[in-house]
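Heads up: numbering here begins at 1 and tracks the sequence. Just so you know, ligand 1 is whichever comes first in the structure, and atom 1 is the first atom listed for that ligand.
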Amino acid sequence: MSFVITTPLYYVNDKPHLGSVYTTIICDSISRYKRLIGEDVIFITGVDEHGLKIQRTANEKGIEPKIHCDEISEIFNINWKNWDISYDKFIRTSSINHELVVNEFYERVKESDDIYMGVQKGWYCVGCEEFKDNPDNSATYKCPIHQKNLEWKNEENLFFRLSKYQKQIEKIINEPSFIEPIERKNEIINFVSRGLKDFSISRTNVSWGIPVPDHNNHTFYVWFDALLGYVSAISSDTKEHSLEKSIIGGWPADIHLIGKDILRFHAVYWPAMLISAGMKVPKKVFGHGFLTREGQKMGKSLGNVLDPDLLLSKYGNDPVRWYLIKDISLGNDGDFQDKRFVDIINNDLANTIGNLLNRTSSMSRKWFDNKVPDNEKISSENKLKQLAKISVENYHEKFNKYKLDLAANEVLNLAINTNLYLNDNQPWLLIKEKDNLPIVKEIIYNVLESTRIIGLLLLPLLPELSSKIDSQLGSLYKKEIRWDQQLKWGLLISNSSLPKPSPVINKLEYE
Ligand code: MSP
């Protein structure tokens, strides 16, 4: 059985923004962790290409939607490669294979008698691709998310009988682990308790969409089509997709990681659609918070959008990952602050982890002929060994609960404690007495061993830094042995060579 994790399928109206980078980094970190503990992982990402929003964006550029989508999809693809995202499947909803799945799914939903023709009237946000409440029913009311006027729609659409699934959805959303975090779960429970209304699944004014087979002038509503992207992505057969092949491929998903604004689609509409088609519902929907910049919502009109490409080229992958993973508790909103970013990277990565590695490796090389000391007490108990054991246990526990910030903090705390151990023991004073040599060997060995474990624990979080730490310790990590088994104390080999240290992380300057 595979562990299936998905990012949202991103709209291709623009290149990736910091929000999409955030979700994708978190999914990447979870995927890496699961693979390292021996699970078979299918990490799905991709793009949501249809709908009015994309059609208009292409029109504004004066090009065909397909050409626009090809361009932006490629940018997403390249972008994830630049961020070293370890995805397994990249789905484009404009692909013919996806269309096959959507049509097959539609037939199943029709067989369940869940589709009927009706009239859809209401206020629509093209940015959200969603009908919205308009409190004063006025044409000047703006969508709180996109700050754009809503548009009045009145057209004949096909509807999905969501109301029929009220009881089943109530049961699913109340299951203990289906929606996380708890605050989001309560929002959804509230929404569902007001009574589910059928929703429209086709459009007559949007040509850029998948044609509805039995209704000539209708295309599928972009959300009906997009959610199915998760299913088509997972097909066991890469050439010919079908619902059956997706089930063989590993459906249902274990976790959909998404932003809080699209939770309703994932936790309410989507499960009902799946039940209607006789398919299993995802095991978990996790709604993360929103990122702001210096306390303000990011937006083009405010001119404060933080370009992830610039961050990557300026600082590299690891610092950005560390900030996003460690400083934001998954589920809460997070703020990107320039000064805080510099402080965190310098304190945590450069001064605490980088410096620990650098100074210990230098001492060991100087006193023990460029090698790890031979420690006669490798298997006996010591304070650092106990601390490392507890940190490793806590780290696994946090990771398994998707508390990545706390897992990252466990690594940092182990580094802080290792620095303290070094400072308390002062091997630089002890080495002056020849009789102290065995104890100095033991201290340096312990600190290097703890640093090795810190480096390994960083592997799912900061793959680049982790591998740099490993090379500085003599490339000890063995891909053929399971990673979590290498987190045991005492695997650092006495007398093994230590390469010349060089900084593994650069200190940042304030702008
Ligand atoms: N295409 C839909 C998803 C379909 S999934 C079958 C969509 N795309 S999106 O590109 O607009 O948004 C993608 C994700 O970015 C959403 O999860 C959204 O919550 C998230 N974010 C948008 N702005 C964000 C922030 N400022 N901060 C964090 N995430 C944010 O919705």
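In this structure, Phe286 has its ring center at least 6.0 angstrom away from the ring center of His266.
Remark: ligand 1 and Ile262 share no N or O pair separated by less than 3.5 Å (distance only, no angle test). Between Asp48 and ligand 1, an N or O atom pair is found at a separation short of 3.5 Å. Close N/O approach between Leu291 and ligand 1 is found [any backbone or side-chain N/O within under 3.5 Å]. Looking at Trp223 next to ligand 1, no N or O pair under 3.5 Å apart turns up. For the pair Ile258 and ligand 1, the shortest N or O to N or O distance does not fall below 3.5 Å.
If you check which protein heavy atom lies closest to atom 19 (O) of ligand 1, you get Asp261 OD1, 2.3 Å. Of all protein heavy atoms, the one closest to atom 3 (C) of ligand 1 is Leu9 O, 3.2 Å. For atom 10 (O) of ligand 1, the nearest protein heavy atom (residue, atom name, distance) is Tyr11 N, 3.2 Å.
Close contacts between ligand 1 and Gly259 involve ligand atoms 17 (O), 19 (O) [criterion: under 4.0 Å to a heavy atom]. Short contacts between ligand 1 and Gly289, defined as distances under 4.0 Å to a heavy atom of the residue, involve ligand atoms 28 (C).
Assignment of Cys128 to the shell around ligand 1 is not supported, since no heavy atom sits closer than 4.0 Å. A heavy-atom separation below 4.0 Å is not found between Thr23 and ligand 1. The shortest heavy-atom distance from Tyr22 to ligand 1 is not under 4.0 Å. Residue contacts with ligand 1: His17 is included, with a non-hydrogen atom under 4.0 Å away.
A salt bridge does not link Arg340 with Asp335: every distance from a Lys NZ or Arg NE/NH1/NH2 to an Asp or Glu carboxylate oxygen is 4.0 Å or more. A salt bridge links Arg35 with Asp88: the closest approach of a Lys/Arg side-chain nitrogen to an acidic carboxylate oxygen falls below 4.0 angstrom. Comment: Lys283 engages Asp254 in a salt bridge, judged by a side-chain N to carboxylate O separation of less than 4.0 angstrom. A salt bridge links Lys61 with Glu71: the distance from a Lys NZ or Arg NE/NH1/NH2 to an Asp or Glu carboxylate oxygen falls below 4.0 Å.
Checked options Ile78, Asp28, Ile25; the residue passing with Trp83 is Ile25 (criterion: side-chain contact (heavy atoms from CB on, under 4.5 Å)).
Within the 4.0 angstrom cut-off, atom 12 (O) of ligand 1 has no protein heavy-atom neighbours.
Among residues two or more places apart in sequence or in another chain, the side-chain contact (heavy atoms from CB on, under 4.5 Å) test is passed with Asn137 by Trp123. Legend: residues meeting ring-ring contact (aromatic ring centres under 6.0 Å, His included) with Phe178, ordered by chain and number and at least two apart, are absent.
Looking at Phe265 against ligand 1, nothing comes within 4.0 Å, counting heavy atoms. Only the side chain of His288 comes within contact range of ligand 1, with a heavy atom under 4.0 Å; no backbone atom does.
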Go through the steps for Leu459 and Trp483 under the test side-chain contact (heavy atoms from CB on, under 4.5 Å), then give the verdict. CA-CA 9 Å; Leu459 194 51; Trp483 166 82; 3.8 Å; yes
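Geometrically, Arg203 engages Tyr221 in a cation-pi contact defined by less than 6.0 Å to the ring centre and at most 45° from the axis. A cation-pi arrangement, defined by a distance under 6.0 Å to the six-membered ring centre and an angle within 45 degrees of its axis, is present between Arg264 and Phe191.
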